[in-house]
Amino acid sequence: MNTGPQNDWFDKDFYKTLGVSKDASDAEIKKAYRKLARKYHPDANPGDEKAEEKFKEIGQAHQVLSDKESRAQYDQVRAMGGGARFSAGSGGPGGAAGGGFDDVFSDLFGGGGRTRTRTTYGGGGDVPPDLADLLGGFGGGYGGGGYGGYQPPLKGGDIKSSTTLSFTEAINGASVKLNMPGGKPLTVRTPIGVKDGQKIRLAGKGKTSPNGGEPGDVILTVHVSPHPVFTRDGDNLRIELPISFDEAALGAEVKVPTLGGTPVKVKVAPGTPSGRTLRVRGKGVKTKKGTGDLLATVEIVVPKNLSKEAKQAVESFKAATEGEDPRAGLLDKAKAS
């Protein structure tokens, strides 16, 4: 007969396994178990055999200590001292159980006139099946495969959902109402500065556990609609800033829009080329880490229709800058490469 499950009550200190004192309250035991179960759960430690074994041990400890009756019986067994052990007779079918068996449990499980049923395990032995069943029920088998068929509390399943926010809502945060299974809506507040494609985990808002464990989570995927003017670059906002030729050549002070705010004035230095980026500090995305900047990239706009006077002015400018060649050295550089 395998006597390991019964000997666990002598050999294992379930209070130590959960890290609580012997006079811990039910709430303290439950809190300690949940903390350890999250840490050593197989889903959080894939392929880690040590973590899985630890998960089994804390499940067994919680199973015994969370029930008042089994905890009281466990405390009585432990109080008798670690020297007592279960033993089964080694003789044939008529053999009797070892002497320590009856003495230890006679009072604990209704001693006196006990009724015993002869049951043979391998080499035989006289074992009270009611006691074996009782102890087996307190055991800790993982996944239903251990003695007693104990299944540790499992976390409920996750629910996947999605929502679409405007560009401004994503930057500032928004309240979103989600349609949940069962018909009851769930209203959540998205974080400030959420990005397109970002996943948000709403802890404890998912499916209920099948056996008393913690509920699952809601995994919310956020999609962000594009903005007609602004784009996002990390915590910075980008904008294409059109300027005229004379503003680029002579320099100017121009207005630049901000997201949902008052326009700011930006100086364009004389001789500014297309593609140069001007930085406006503190006008980007606000997050817990700080606030980004507004990056305005200059784009020189060439007029399509010139009046007679404007055309003459451009021709005069051309004549005045005849000696300047913007493509000087370009052909030589191309040949050299």
Side-chain angles (χ1 to χ4, degrees), residues 162-174 176 190-198 221-337:
S162 64
T163 188
T164 299
L165 303 179
S166 69
F167 191 86
T168 303
E169 287 176 331
I171 298 300
N172 298 327
V176 178
T190 60
I192 295 176
V194 66
K195 299 178 182 178
D196 182 44
Q198 183 174 336
T221 302
V222 177
H223 302 288
V224 180
S225 300
H227 194 280
V229 173
F230 298 96
T231 57
R232 186 169 177 177
D233 182 2
D235 291 337
N236 297 324
L237 293 177
R238 288 189 175 273
I239 184 174
E240 296 290 334
L241 179 63
I243 63 173
S244 63
F245 171 75
D246 61 284
E247 290 173 332
L250 304 177
E253 189 175 69
V254 299
K255 289 184 178 181
V256 179
T258 60
L259 183 64
T262 305
V264 294
K265 291 184 178 181
V266 176
K267 288 186 177 181
V268 178
T272 296
S274 278
R276 176 172 293 177
T277 298
L278 310 178
R279 183 183 295 270
V280 183
R281 297 195 178 277
K283 294 298 180 180
V285 181
K286 294 181 179 180
T287 65
K288 294 180 179 180
K289 297 180 180 179
T291 304
D293 301 330
L294 176 62
L295 307 177
T297 301
V298 171
E299 180 183 0
I300 299 176
V301 178
V302 179
K304 296 181 179 180
N305 299 311
L306 294 175
S307 65
K308 182 177 180 181
E309 293 79 6
K311 187 174 182 180
Q312 290 175 348
V314 173
E315 288 176 347
S316 298
F317 173 79
K318 177 181 178 181
T321 58
E322 187 175 1
E324 295 187 14
D325 183 3
R327 294 172 295 281
L330 181 63
L331 295 178
D332 292 337
K333 289 180 181 179
K335 291 178 180 178
S337 60

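Quantities reported herein were computed from a predicted structural model and do not represent experimental measurements.
- Note: Lys267 NZ to Leu278 CG = 12.5 Å, rounded to the nearest 0.5 Å.
- In this structure, Glu322 places its CD atom where only 12 or fewer heavy-atom neighbours from other residues, nucleotides or ligands lie under 6.0 Å away.
- Between the side chain of Arg232 and the backbone N or O of Gly193 there is at least one donor-acceptor pair closer than 3.5 Å.
- In this structure, the separation between NZ on Lys311 and CG on Asn305 is 11.5 Å, given to the nearest 0.5 Å.
- Residues Val298 and Pro273 approach most closely at CG1-O, 3.9 Å, considering heavy atoms.
- A distance of 11.5 Å separates CZ of Phe230 from CG of Leu295, quoted to the nearest 0.5 Å.
- Inter-residue side-chain proximity for Thr291 and Asp235 is flagged as unmet; no heavy-atom pair is nearer than 4.5 Å.
- Nearest approach of Asp233 to Arg238, heavy atoms of both residues: OD2-NE, 3.0 Å.
- Counting heavy atoms from C-beta outward, Leu259 and His227 have side chains that approach closer than 4.5 Å.
- When side chains are defined from C-beta on, Thr258 counts as touching Lys283, because their heavy atoms get closer than 4.5 Å.
- Residues Ile192 and Ile171 fail the side-chain proximity criterion, which asks for heavy atoms closer than 4.5 Å.
- Between atom OG1 of residue Thr163 and atom NE2 of residue His223 there is a gap of 8.5 Å, rounded to the nearest 0.5 Å.
- Between Thr277 and Thr297, the side chains place a donor N or O and an acceptor N or O closer than 3.5 Å (distance only, hydrogens not considered).
- Judged by distance alone, the side chain of Asn236 and the main-chain N or O of Leu294 form no donor-acceptor pair under 3.5 Å.
- Between Ile239 and Leu237, the closest side-chain pair of non-hydrogen atoms is not below 4.5 Å.
- Atoms OG and CG, on Ser225 and Asp196 in that order, are 8.5 Å from each other to the nearest 0.5 Å.
- In this structure, the separation between CG on Asn172 and CG on Leu165 is 11.0 Å, given to the nearest 0.5 Å.
- Closest of all the heavy-atom pairs between Ala248 and Ile300 is CB-CD1, 3.5 Å.
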